[in-house]
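Chain A is the first sequence line, chain B the second, and so forth, proteins listed ahead of strands; every chain is numbered from 1.
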2 protein chains.
Amino acid sequence: MGSIDTNDEAYSKPLPTAFTPLDPEDFRKKAHTMVDFIADYYKNIEKYPVLSQVDPGYLRTRLPKAAPYLPESFETILKDIEKDIIPGMTNWLSPNFFAYFPASVSSAAFLGEMLCTGFNSVGFNWLASPAATELEMVVIDWLANMLKLPKSFMFSGTGGGVIHGTTSEAVMCTVVAARDRVLEKIGTENIGKLVVYGSDQTHSFFHKTCTLTGIFPCNVRIIPTTQESNFSMSPVDLRRQVEADVAEGLLPLFVCATLGTTSTTAVDPVSDIAEVASEFDMWVHVDAAYAGSACICPEFRQYLDGVEKVHSLSLSPQKWLLSYLDCCCLWVKEPDLMVKALSTDPEYLRNTKKNGSSSVVEFKDWQIATGRRFRALRLWLIMRSYGVVNLQTHIRSDIQMAKMFEGFLRSDPRFELVVPRTFALVCFRFKPFKDGYDESDLESLNRKLLDRVNSTGRAYMTHTKVGGVYMLRFAVGATLTEESHVRAAWALIKEVACVLLREIL
Amino acid sequence: MGSIDTNDEAYSKPLPTAFTPLDPEDFRKKAHTMVDFIADYYKNIEKYPVLSQVDPGYLRTRLPKAAPYLPESFETILKDIEKDIIPGMTNWLSPNFFAYFPASVSSAAFLGEMLCTGFNSVGFNWLASPAATELEMVVIDWLANMLKLPKSFMFSGTGGGVIHGTTSEAVMCTVVAARDRVLEKIGTENIGKLVVYGSDQTHSFFHKTCTLTGIFPCNVRIIPTTQESNFSMSPVDLRRQVEADVAEGLLPLFVCATLGTTSTTAVDPVSDIAEVASEFDMWVHVDAAYAGSACICPEFRQYLDGVEKVHSLSLSPQKWLLSYLDCCCLWVKEPDLMVKALSTDPEYLRNTKKNGSSSVVEFKDWQIATGRRFRALRLWLIMRSYGVVNLQTHIRSDIQMAKMFEGFLRSDPRFELVVPRTFALVCFRFKPFKDGYDESDLESLNRKLLDRVNSTGRAYMTHTKVGGVYMLRFAVGATLTEESHVRAAWALIKEVACVLLREIL
């Protein structure tokens, strides 16, 4: 050991005698305080602006440049959270949050997450945490069952699934499985021939994920969509592009269909896309991050029609199934292909006792990283605490509120529903005049409307631009949102719109 | 909307009237119960076997095949956690856990994680959660400061850092940054020329991560290490391999040096490796996942000597800085290269108001996924609650206990310290006879010793095999471990060894 750096004043201070960072009674006391802090935050959340009103750099100027040498009290830190952190929060859990896709939560999931954290099990393989592995297999099958997925995606059938943190990771793992399946036949040196397909409405992660795996950026095809098809991918256009690529000597690898695109919740025709893909032996993935959850209701299950023909499906309960971040379920029909592409077998992780048992799934070989958290607890607590019935109620209630907002829009001729509503997102714009306004004027008017609404702190919406049209997105889904909040947001939008109208007239 | 599936009996049951999954008072009550549940688990943790004694499939046979249609009570679920989950836990937080690298935790980090979950902010960009972005910048600089990293890695200097979930993700992002920097010059079609380097002691994630990014498997070089150099990478051997690759027309891209390898905590010579890499314009990453934390103590800072010459460094506070999973800090000297490789800019994520501000960091462009959790809270609470002084005490205390165990081994001639101890891991084997035993006999003897110790449930160790030698790993670092536990583990090992000895004599 080297000598202590005595030039540094800090190190000459006396050392505390004992350090017990996990004393159960100290833990108990402080965690109880934190429970009350968070419960009060939820109770009072409407007092805070939804969208944080701070300016860039606000926090870095308030905090010290270095960590303290000596401990600070929990009370001091809690005060600072009130004073320094909460003002810089965009409050995603506010009932007035209608931006992006809201991230839904629940008491049950919080409890599951507390347990997951509390156990801190690092379940990279079965032996390192049998319960974590097996409960994940159970809840993945439960959710598959709720979605009426075919047995070919279930552990109780011939497939299986895994909980990842994010859709990006889930899709990366499937792209790599697809990639290596093909490269094994044609040789790694032909990686430049592999082509992947999405639409111009596929989430931005897709291009990034594919190029991360070595797919050449020039080989990421973006099929244009149109207003006529409500921005869903055309199987005809897909086929045309695939045929052109084959004619060029390229090799179609992977197509990503989306169930509920980010901009407008467009639904790609899964079955037809799978038909095209099948002819060319392509891997089909369905990204159902947001709208997949709706398919637990029989009246929405139709959107998954054709799923039996695809290779993999991902769905993020963090979006609409009350799970808190981060949680993305991935089902695959041929887990062996993924395991082959992602497995490692270093000596220090080998199970002495349990090797060779066919019931042992090693989830490290189903994901990018080695370590993993016990995320299944959250889904288990959600499904058991609420039952399928309440989860269906929850989906229907959000959709009902979105329908109500749609009704408000339709009743006011100054507003336009730009895209038909399918789930709980309403895409609209303010269009007070029939004529005399071009697209760029309308865009500027709606930008102003959005900025002013958001800067009140009383509601938060976001925007998108699809088919050249700038539109506002009103996404119902924050867990605390009730009809009254939707009504208030509509009143606010109208109020701001009236002011804007007076200014331009 | 479709019709409700009336054939399904479940759907004919009456619907509950109201569903409020985040009622603050219900949340408060149940979360308090869960706090007590976890505090009691910590208090009683020694009652549970460290290594779970269940057999594969134990849980799947106990649980129903499908999620319940109707809600179940929290009390029922808690009982099932006691009955079904805990028996299947390998208890990572047990003070008798000496396996892998332990995952360290603390009350402060738990509180930070509760807050992170509670806020559920999805901080993909600054506007979506200013506090999350800025606090991350602050704590990353604080930790850099504690490690005495050069300003070139700090936001307050010319670099910066980010909190990822795992080392795999961190290294993947740096490999891609390095890859794209080179491919931009030589063209994507030359991806097959890129070569990466690690040693035979580099963690198994490295090969997987590199091939995930499209580096050809045949271009992942593994520099062999030897017992003579304590299994650290030889810069001479590295240079020889690099020169051979260059002579073949290949392009050396990336080298991963490890500070504290997983098998034996070997330390690669960062400075010398960086010298070799510099000549060939290679990116150097330092994986300091485990042992980097020790460098907050001045007497261990020497192991980071030369870090000023490298491009990136990762360190996992989840391993030794009390942070719970999942937490890996990555620092980079040229964030622009990473952002260039990982950025996306879809319309629906554009910040209207804050664009163009130089103080705005968009962390989605520093990682694989779009969404991200507010992980910085944990590190902030750890650093403030304990101060640098206690974190140093914690590191020194673990090392002191490992030294004590080393002393026990040295005092008993039937045991052999296989590799010198550097941090808090001791690699040893039972070698009761001077002669007449070959390596495979010793391996078999030590396998038996390990299995028997672990199957008592009173301690859990793992093994590795390095340089052909099978050895046991005794890793001190579980937060609740005290000297008495190390003494008890040593007594247990000796006891089991004696029984084994009687059997073979």
Less than 4.5 Å apart, any side-chain heavy atom of I191(B) and any of I191(A)?
yes

Tell me, out of I215(B), L115(B), D23(B), who's got the most heavy-atom pairs with chain A below 4.5 Å.
L115(B)

Just by modelled atom types, is the F19(A) backbone N or O under 3.5 Å from a matching donor or acceptor in the N390(B) side chain?
no

Using only atom types and a distance under 3.5 Å, with no angle test, would you say the side chain of S104(B) pairs donor to acceptor with the backbone of L322(B)?
yes

Which residues pass the side-chain contact (heavy atoms from CB on, under 4.5 Å) test with E189(A), sequence neighbours left out?
F216(B)

L135(A) versus chain B, heavy atoms under 4.5 Å apart: side chain, backbone, both or neither?
both

For chain B, which candidate among A109(A), A103(A), G192(A) shows the most heavy-atom pairs at distances under 4.5 Å?
A103(A)

When heavy-atom pairs shorter than 4.5 Å are enumerated against chain B, which of I81(A), N91(A), T76(A) gives the highest number?
I81(A)

For A128(B), is there any backbone N or O sitting under 3.5 Å from a side-chain donor or acceptor partner on W92(A)?
yes

Answer yes or no: is there a side-chain heavy-atom contact under 4.5 Å between P21(B) and F110(A)?
no

Which of T209(A), T211(A), V466(A), D26(A) touches chain B most, by non-hydrogen pairs under 4.5 Å
T211(A)

Is the closest basic N to carboxylate O distance between E113(A) and R373(B) below 4.0 Å?
yes

Go through the atoms of L480(B) and report whether side chain, backbone, both or neither lie under 4.5 Å from a heavy atom of chain A.
side chain

For each of I85(B), L51(B), T166(B), tally heavy-atom pairs with chain A at distances under 4.5 Å, and name the one with the top tally.
I85(B)

Who wins among N145(B), I86(B), T213(B) for the most heavy-atom pairs under 4.5 Å with chain A?
T213(B)

Non-hydrogen atoms of chain B under 4.5 Å away: do they reach the side chain of D36(A), the backbone, both or neither?
both

Looking at T479(A), I38(A), L212(A), L59(A), which one has more heavy-atom pairs under 4.5 Å with chain B than the rest?
L212(A)

Do Y69(A) and Q392(B) come within less than 4.5 Å of each other through their side chains, counting heavy atoms only?
yes

Segment of V122(A) engaging chain B (4.5 angstrom heavy-atom cut-off):
both

At a 4.5 Å cut-off on heavy atoms, which part of I77(A) comes close to chain B: side chain, backbone, both, or neither?
both

Within the side chain of T90(A), is there an N or O that forms a donor-acceptor pair under 3.5 Å with the backbone of L127(B)?
yes

Side chain, backbone, both or neither: which part of D40(A) has an atom under 4.5 Å from a heavy atom of chain B?
both

Can you say whether E25(B) sits under 4.5 Å from chain A via the side chain, the backbone, both, or neither, judging by heavy atoms?
side chain

For the CZ atom of R384(B) and the CH2 atom of W142(B), what is their distance to the nearest 0.5 Å?
6.0 Å

Give the member of A67(A), A99(A), S343(A) that has the highest number of heavy-atom pairs under 4.5 Å with chain B.
A67(A)

Who wins among K30(A), M172(A), H32(A), Q318(A) for the most heavy-atom pairs under 4.5 Å with chain B?
H32(A)

Using non-hydrogen atoms only, which part of L111(B) is less than 4.5 Å away from chain A: side chain, backbone, both, or neither?
both

Within-4.5 Å side-chain heavy-atom neighbours: L377(B) and M114(B):
no

Is it the side chain or the backbone of N120(A) that comes within 4.5 Å of chain B heavy atoms, both, or neither?
both

Looking only at heavy atoms and a cut-off of under 4.5 Å, which of T33(B), L63(B), V176(B) has the most pairs with chain A?
L63(B)

With a 4.5 angstrom heavy-atom cut-off, could you sort out which part of Y41(B) is near chain A: side chain, backbone, both or neither?
side chain

Least distance between heavy atoms, S385(B) atom then P71(A) atom
O-CB, 3.1 Å

Heavy-atom distance under 4.5 Å to chain B: side chain of F37(A), backbone, both or neither?
side chain

Tell me, for D326(B) versus chain A, whether the close heavy atoms (under 4.5 Å) come from the side chain, the backbone, both or neither.
both

Ring pair (Phe, Tyr, Trp, His ring centres under 6.0 Å) filter on F74(B), not counting sequence neighbours, yields none

Kindly say whether Y100(B) contributes a backbone atom to a donor-acceptor pair with the side chain of R473(B) at under 3.5 angstrom?
yes

By a 4.5 Å heavy-atom criterion (distance strictly below it), what part of L342(A) contacts chain B: side chain, backbone, both, or neither?
both

Y58(A) side-chain N/O to D84(A) backbone N/O, donor-acceptor pair under 3.5 Å:
yes

Under 4.5 Å heavy-atom distance to chain A, tell me which part of R301(B) shows up: side chain, backbone, both or neither.
neither

Counting only non-hydrogen atoms closer than 4.5 Å, does P87(B) touch chain A with its backbone (N, CA, C, O), its side chain (CB onward), both, or neither?
neither

Between chain A and each of V139(B), V105(B), I382(B), T167(B), count heavy-atom pairs under 4.5 Å; write down the option with the most.
V105(B)

Below 4.5 Å, heavy-atom pairs only: which of G214(B), A131(B), S106(B), G371(B) has the largest tally toward chain A?
A131(B)

Would you say L450(A) and R447(A) make side-chain contact, with heavy atoms under 4.5 Å?
no

